[in-house]
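Numbers restart at 1 for each chain; the letters A, B, ... are given by sequence-line order, proteins then strands.
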Number of protein chains: 2
Amino acid sequence: MAHRRLAEPTPCNRVQAPRPVSIKDVARKANVSHSTVSRALQNNPLIPRETAEKIRLIAGELGYRASAVARGLATSKTRTVGLVVTTIADPFVAGVVGGIEDAANANGYSVVLANSHADPEREMMVVRSFAERRVDGVIVTASRVGALYVPMLSRMRVPIVLVNNQHPGEFTHSVMIANLEASFQATDHLIHLGHRRIAYLGDRHGHQSDTERFGGYRQALDQADIPFLPELVVHGDGTPEGGIQAMGRLLALADPPTAVFCYNDMTALGALRRIRVSGLRVPDDISLVGFDDLYIAQYTDPPLTTVRQPKREMGRLAMEVLLRLLQGSQSERTIRVPGELVGRESAAAPKERQPCNY
Amino acid sequence: MAHRRLAEPTPCNRVQAPRPVSIKDVARKANVSHSTVSRALQNNPLIPRETAEKIRLIAGELGYRASAVARGLATSKTRTVGLVVTTIADPFVAGVVGGIEDAANANGYSVVLANSHADPEREMMVVRSFAERRVDGVIVTASRVGALYVPMLSRMRVPIVLVNNQHPGEFTHSVMIANLEASFQATDHLIHLGHRRIAYLGDRHGHQSDTERFGGYRQALDQADIPFLPELVVHGDGTPEGGIQAMGRLLALADPPTAVFCYNDMTALGALRRIRVSGLRVPDDISLVGFDDLYIAQYTDPPLTTVRQPKREMGRLAMEVLLRLLQGSQSERTIRVPGELVGRESAAAPKERQPCNY
DNA sequence: GAAAACCCTGCACACGTGTGCATTGGAGGA
DNA sequence: TCCTCCAATGCACACGTGTGCAGGGTTTTC
């Protein structure tokens, strides 16, 4: 590497990739020092417009692209954010990431993506990698945020924004859906339709969000003076498969619920299937409400009534909070965005249950 | 920035983030030069094991993390790959990206993500950004690969791997699904079930993959001596909405098809809905076959018969091709991975159509 | 007309790491 | 004892960009 220049005059060794054009190449061609070029390209007012124009022109001709690497070294700002997700294959996560990415690019930041797969070892690797890359900030979109995870990130002394999670700490901020209010709304919707035996199909891994959504469910019951029945609460794992299992348990009850509020759409998908398999119909026999409003929710049969999380928007917001922090400004510790109940066809008024009614 | 060190003795200005520990800090503490530390951490055989151990220990104590930025500048290798996708919200794309990410991380590479939204202007920005970041290579997972897009990327003189696309060029390689064989298989499956009026519901934006899938469809018809009927070919746009529209056109025919082979699962989802809305049933009245095997394909009603694309695997492969190229080895220009027909419940033998048959 | 003020420009160093080459110190052989 | 050789280490420069400060030239001012 060192002394490479010595071999450079008349470089016939075009075999390897040629060194990209640097600020010095531009400087040479413009008959100025590299400092002047640097300043000209930054629109530094020290450089008269005319000179700057000329330099920019030459830079353009040469196809000059400033090295973000060198700039990062000089300024110790990489204009890069690390983005940890459990898995990008999760459609909720993908939606959020889309929003983050857009906001980042719009502000000249690049996004380094890393999947943790909720695996502590991978999480360690990710943190290490982000530390080495000297990312300016970190956004975490993960259902599970390991106990030792955020502290490790904090050691990087870099701002962190969590999406749909909270973790008290000096460097952490968060953007969350208003779980309690949204699930209150969803449950209340079922109550207004006339349901009284309403189940909650939760997520045993959902931690905080599961707790909060369950809380909204209970509040709605309480407010309507509907007694809370523990047997109507079951738990899946956030996947359709978990929904199938849990729904099976509800159907096995002597007196099954007439409506089910699900932790998320994936779970609802499984519940829907399980109900179908048992020969019952949605919403005729059982009403179903999901959470997330994934893209597919409008294409299930029947289309799923659910709570919309503005995923893209939440991603954008998270990035904007981070940008504010990077810029040195303050920002709210926690931003709560409201969910929106999207009424489709999977929830309707209950039919009378007694089979010998006619 | 310059001369900052002058102010450093007894740095009481802990207000700003402290400079992370560098190789020199380790060197000082170990009473060696920074060169020795550098070599020790690289397991350079010049350094005796004992010394290396000691240095590694000290580095650990200090929480030293080598700066990938500085290393990138020195070696002109960033161990970073740029990843362009139309949108990460597309579940097919997300699956591929997952595989890429895993393979990248397993080999010490980081992934910089960029959404192009199939927008030429965004594509320009992405290329510019990748060029400035000095990524070592690029992977493109986009249904549409703009005409001027790959040439622009090529100017970076960096290896490029395309997923499900091809673009002849000095720097491009690709990983593709064997469209023709797979769609032959899918169509043939319908034929073997007894169908003769089989429609193809394509994607007018799918370019190469649409052409190839259509090709497999035609070959299967030809081989079975089923005449090709142009009116049984309609086009959506790869989305459920497009599927709904196109399926509507098929249903409006005097003699609608008994089976439909769809360009992808999203399209099939729309077709399924359209069929349902018109009061017909799948597969009793119309059989449906998709392409992709998205996660949701197993949870539609009925579960969708489709062609599985090993998305994760394809991502992994693309990254491995790229790694090989980065390492200076050769690699096949085009890798074709086979699709796999996944038989579920949306395709079955046709019922007799004549209503006065009994 | 000379001094002062101002506008540009370049020098030189910094950022953190890698590496070719020189140097040092010690061991081994004659 | 001296020379040779090798192992271990350090010096110095490179990578590309940013920036404080000094210096040179021109204009302004008295």
Output the rounded distance in Å from [atom1] ([X]) to [atom2] ([N]).
X        : N      : atom1 : atom2 : answer
A:Lys24  : C:dA12 : NZ    : P     : 13 Å
A:Asn44  : D:dG18 : CG    : P     : 11 Å
A:Ile23  : C:dA12 : CD1   : C1'   : 15 Å
B:Lys77  : C:dT19 : NZ    : P     : 11 Å
B:Arg133 : D:dT17 : CZ    : C1'   : 14 Å
A:Leu73  : D:dG18 : CG    : P     : 11 Å
A:Asp25  : D:dC15 : CG    : P     : 10 Å
A:Asn43  : D:dT19 : CG    : C1'   : 16 Å

Query raised in the report: Between A:Leu162 and A:Ile160, is any pair of side-chain heavy atoms under 4.5 Å apart?
Result: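 Yes; the side chains approach each other to less than 4.5 Å.
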
Query raised in the report: Do A:Thr80 and A:Tyr109 come within less than 4.5 Å of each other through their side chains, counting heavy atoms only?
Result: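 No; the side chains remain at least 4.5 Å from each other.
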
Requested in this report: Say whether B:Arg49 and B:Asn43, considering side chains only, have a donor N or O and an acceptor N or O under 3.5 Å apart.
Outcome: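 There is no such pair (donor and acceptor under 3.5 Å, judged by atom type) between the side chains of B:Arg49 and B:Asn43.
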
Query - For the student: nearest non-hydrogen atoms of A:Ala40 and A:Ile47, plus distance - result: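 Residues A:Ala40 and A:Ile47, closest heavy atoms: N-CG1, 3.9 Å.
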
**Report entry** Side-chain N or O of B:Gln42 closer than 4.0 Å to phosphate OP1/OP2 of C:dT19
**Finding:** yes

Report task. Would you indicate, yes or no, if C:dT17 has its OP1 or OP2 atom less than 4.0 angstrom from a side-chain nitrogen or oxygen of B:Ser67? Result -> no

Query - Charged N-O contact under 4.0 Å between B:Arg316 and B:Glu320 - result: yes

**Report entry** Cationic N near anionic O, under 4.0 Å, A:Glu121 to A:Arg128
**Finding:** no

Query raised in the report: How would nucleotides 5-10 of chain C be written as a contact map, 5' to 3', with B for base contact, S for sugar-phosphate-only contact and - for no contact, using protein heavy atoms under 4.0 Å?
Result: ---SSB

Report task. Can you figure out which of D:dG16, C:dG16, D:dT19 approaches the side chain of A:Ser38 most closely? Result -> D:dT19

**Report entry** Trace of the salt bridge (Lys or Arg N to Asp or Glu O under 4.0 Å) decision for A:Arg56 with A:Glu61
**Finding:** CA-CA 9 Å; A:Arg56 260 192 290 274; A:Glu61 285 170 2; over 6 Å; no

